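Structure first, then comments.
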Amino acid sequence: MRRSVRAIAGVVLVLTSSGACGDLAPVAPPEVPVATALPVTPSRSLDLEAGEATIEGFTELERAALRIRNIGCGGVRTGSGFAIGDQVLVTNRHVVAGATTLEVSTFDGKDIDVRTSGAATVADLAIVRTKDKLPASITLAPSNPEVGQTVTAIGYPLGGPLTTTSGKVLGYREDPVAKSDFPMLLNSAPVEHGSSGSPLVDITGELVGVVYASTGPGRNYAVPIEVLKDVLGKPQSFGDKTDCDE
């Protein structure tokens, strides 16, 4: 029986224009490590919300999560992303694919000007560079999480408010959408349309994956941190443009 696999960028509006979709310029990957911000360390082992809040009432991790709107092929769709440096963010390739305009906003509704975007050719990943400084960044974990470890997704499901959900690492499986030959991280942290590109972090607040697809409730996929770090370190991993997904 064929499984139902869905990428989880949310389509929120269909445009009637039949004009050709443009491509954002490619961008070279940043050097690794890129993040300078310290991870938020919770005072209770499984409660990320116990991390120290900023004066705005948001933790460092929540401030690093970003809302993305892609205006381009077929209409407008929403996704999520997160900062890994002052002016560098990570999201999914299918979130930025075919964009004529890419809109990025922060936890407090501030719009961020985008400079360039580039899509990876070996996984559902994209790097976006911004003109404006991003409010916070997430530290990359040194290695993939172990099976059974608690993980948390932080993003903007359905293009709505910032949402945090937690689950467990279930294992490593074949990429269900065939964008990579590497094993992908299967986990149970609940996600919805618009969660594509959300950071998946461990209990120390370090990044362990990038959310990108779901095959059903409690079976959600993320690009593991070791694949992301490999991609970031290889300029040849990035294509020349971000075409529309088929």
Side-chain angles (χ1 to χ4, degrees), residues 7 23-39 60-61 64-66 68 79-97 99 102 104 112 114-131 133-134 136-146 149 151 153-155 169 172-187 196-202 204-213 221-243:
D23 294 313
L24 292 172
V27 58
E31 296 180 359
V32 177
V34 294
T36 56
L38 294 174
E60 192 83 350
L61 289 171
L66 301 161
I68 299 175
S80 301
F82 57 94
I84 58 171
D86 285 347
Q87 294 172 290
V88 183
L89 68 93
V90 172
T91 185
N92 290 148
R93 177 169 64 183
H94 75 263
V95 169
V96 303
L102 200 61
V104 176
I112 299 292
V114 172
R115 184 164 52 125
T116 54
S117 172
T121 58
V122 297
D124 195 349
L125 294 168
I127 301 298
V128 177
R129 289 188 183 273
T130 66
K131 296 178 182 178
K133 184 176 180 179
L134 297 166
S137 58
I138 297 178
T139 301
L140 310 186
S143 59
N144 291 342
E146 297 180 357
Q149 186 171 331
V151 288
I154 308 168
V169 176
Y172 292 86
R173 303 286 189 274
E174 181 180 348
D175 188 345
V177 293
K179 291 183 181 291
S180 173
D181 293 330
F182 299 102
M184 295 290 107
L185 192 164
L186 178 64
N187 71 97
S196 288
S198 296
L200 194 71
V201 301
D202 62 17
T204 71
E206 291 186 323
L207 182 77
V208 294
V210 184
V211 175
Y212 75 99
Y221 284 82
V223 180
I225 185 60
E226 290 182 9
V227 173
L228 173 62
K229 291 171 76 171
D230 185 61
V231 169
L232 292 175
K234 295 180 179 179
Q236 64 270 26
S237 298
F238 287 76
D240 293 332
K241 55 185 178 179
T242 53
D243 289 328

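Note that these values count all heavy atoms, side chains included, but never hydrogens, waters or copies made by symmetry. Nothing fancy with the numbering, it's 1 onward along the sequence. Keep in mind that what you see is a predicted model, and the values were worked out from it rather than measured.
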From [atom1] ([X]) to [atom2] ([Y]), nearest 0.5 Å:
| X | Y | atom1 | atom2 | result |
| --- | --- | --- | --- | --- |
| L125 | H94 | CG | NE2 | 11.0 Å |
| I84 | L89 | CD1 | CG | 8.0 Å |
| I138 | I154 | CD1 | CD1 | 5.5 Å |
| L200 | L207 | CG | CG | 7.5 Å |

Shortest non-hydrogen contact from [X] to [Y]?
| X | Y | result |
| --- | --- | --- |
| A136 | A83 | O-CB, 3.0 Å |
| E206 | L140 | OE2-O, 4.3 Å |
| S80 | I68 | O-CD1, 3.5 Å |
| V95 | G79 | CG1-CA, 4.1 Å |
| Q149 | D202 | NE2-CB, 3.2 Å |
| V227 | M184 | CG2-CE, 4.3 Å |

> For L232 and I127, what are the C-alpha separation, side-chain angles and deciding distance, and is it a side chain to side chain contact (heavy atoms under 4.5 Å, CB included)?
Replying inline: CA-CA 9 Å; L232 292 175; I127 301 298; 3.4 Å; yes

Check whether any side-chain heavy atom of [X] lies under 4.5 Å from a side-chain heavy atom of [Y], and answer yes or no.
| X | Y | answer |
| --- | --- | --- |
| N144 | V169 | no |
| Y221 | R173 | yes |
| V210 | F82 | yes |
| V88 | R129 | yes |
| L185 | Y172 | yes |

>> Please check: side-chain N/O of D175 versus main-chain N/O of D181, any donor-acceptor pairing under 3.5 Å?
In response: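 Absent.
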
>> When you measure from the side chain of D124 to the backbone of V223, do you find a donor-acceptor pair of N or O atoms at a distance under 3.5 Å?
In response: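 No, D124 side chain to V223 backbone: no donor-acceptor pair under 3.5 Å.
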
>> The criterion is side chain to side chain contact (heavy atoms under 4.5 Å, CB included); which residues satisfy it with K131, sequence neighbours excluded?
In response: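 Expected list: D113, R115.
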
